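Okay, structure first, notes after.
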Amino acid sequence: MTATASPLDTLWYTRCPVPTASGLAHSLGWLAATAGDAGLGFEILQDADVELAERHFDHGLSGLIREGGNVPALAARAEGAPTRLIGLTWIDESQAILVGPAASLDSPAELAGLRIGIPAWAADRARSFPRAMALHGFASALRLGGLTFADVVTVEVPADPNPQVRTASRTRSTTWGVEALLRGDVDAVYVKGARAQEVAREHGLQVAVDLDATESKRLRVNNGTPRPITVHADLLESRPDLVTAFLVQTLRAADWAADNLDEVRDVLARETFAGAAGVEAAYGDTFHRGLHPTLSAERIELLDIQKQFLYAHGFLAADFDLASWVAPEPLQRAHELLASDRKVAS
């Protein structure tokens, strides 16, 4: 995959509409300030034209840093995108299996025999993240009930073949399959996030399986858990100081978030196109204390679980060595710089 050829005069940033410290750093103006201090412009892919916005999925822009779902990030890397993994976050965001208003399931084992809605393939693997999320969500729910996909009936439901990340064209829907559920075409669907909570309440849908209720993180692995921060290798090679500065601001924003829950929720409501109630229901009241990116062995292992699942289900063009993707130096340096600043301040 060839990166867009251009001199490095702009730092590009892209993120998904979910809780991230880098998203908060952007909202606070800190990322733009960092780029300005480095003599660069600062642009957001969500505000770019359609052609540039596509780079959210393939990372084919040399000045780009991305924090978002792991399905596109892993798919791009598997297809040869020259990216490096510089951080991982883990924020549980209300993953659930929903059934209709009249249905009543008392345990995951009662999913047996139901028609489950799985979004259709999109234009490419990276854009097929709704399908990947539903498959992994149902795989986890079925496992909780001692079941497999052989115990349910899989029904393909429509999905946008070319989902957009642009602010001008992005819709509020993150609830793929709900319309099919309401029509009676399927018996159960997978949903996640703040808007899904609102949609469930609006239509009286029932939670059949609350995946967040399981203590096993392995059963909560999905597109956003863990969520990678990736950088184009050209940017890391040419401006490691800029990548480190980005992470410094991200860590600072995570520190800020820990003491500013209401302000964080306001940002999330705008990012997710959901109301305050949806944000609170999806993320609870402690998530703001855990936004710091790490490259811990646990998070890398959990990402590897997702990589293996995606490869097994056709979402990756090829397998690859996860350890070789990791670039720990920028995050280590960011922590060192913050520690030094705190020492001087004290």
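From a predicted model like this one, the values you see are computed outputs, not experimental measurements. By convention here, the first residue in the shown sequence is residue 1.
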Are [X] and [Y] packed together at the side-chain level, in the sense that at least one heavy-atom pair is separated by less than 4.5 angstrom?
{"X": "Phe129", "Y": "Pro163", "value": "yes"}
{"X": "Thr225", "Y": "Ile91", "value": "no"}
{"X": "Val99", "Y": "Leu205", "value": "no"}
{"X": "Leu337", "Y": "Arg333", "value": "yes"}
{"X": "Val50", "Y": "Gln164", "value": "yes"}
{"X": "Asp319", "Y": "Lys307", "value": "yes"}
{"X": "Val191", "Y": "Gln95", "value": "no"}
{"X": "Val207", "Y": "Ile97", "value": "no"}

Can you confirm whether the side chains of Ser94 and Gln197 place a donor and an acceptor under 3.5 Å from each other?
yes
Just by distance, with hydrogens left out, do Ser104 and Gln206 show a side-chain donor and acceptor under 3.5 Å apart?
no
In Å, rounded to the nearest 0.5 Å, how long is the span from CG of Leu236 to OG1 of Thr83?
10.5 Å
Measuring from Leu291:CG to Trp90:CH2, what's the distance to the nearest 0.5 Å?
14.5 Å
Salt-bridge contact [X]-[Y] (side-chain N to carboxylate O under 4.0 Å):
{"X": "Arg218", "Y": "Glu301", "result": "yes"}
{"X": "Asp160", "Y": "Arg127", "result": "no"}
{"X": "Glu93", "Y": "Lys192", "result": "yes"}

Give the cluster check for [X] versus [Y]: same hydrophobic cluster or not, with ILVMFWY residues linked at side-chain heavy-atom distances below 4.5 Å.
{"X": "Leu302", "Y": "Phe309", "result": "no"}
{"X": "Leu235", "Y": "Tyr13", "result": "yes"}
{"X": "Met133", "Y": "Leu142", "result": "yes"}

How are the rings of Phe320 and Trp325 set relative to one another: parallel (under 30°), tilted (30 to 60°) or perpendicular (over 60°)?
perpendicular
Closest contact, heavy atoms only, Pro130 versus Pro119:
O-CG, 3.7 Å
Between Phe315 and Trp121, is the gap from one ring center to the other below 6.0 Å?
yes
Solution key, residues 143-154 side-chain donor-acceptor pairs under 3.5 Å, sequence neighbours excluded:
| residue | atom | partner | partner atom | Å |
| --- | --- | --- | --- | --- |
| Thr148 | OG1 | Ala150 | N | 3.2 |
| Asp151 | OD2 | Thr148 | N | 2.9 |

Any pair counted as salt bridge (Lys or Arg N to Asp or Glu O under 4.0 Å), so long as it reaches residues 69-78, sequence neighbours left out
none
Option passing side chain to side chain donor-acceptor pair (under 3.5 Å) with Thr14 (candidates Glu67, Arg55, Gln46, Arg66)
Gln46
Here the side-chain hydrogen bond (donor to acceptor under 3.5 Å, both in side chains) pairs for residues 241-256, sequence neighbours left out, are Thr34-Gln249, Arg239-Asp241, Gln249-Arg252, Asp255-His292, Asp255-Arg342
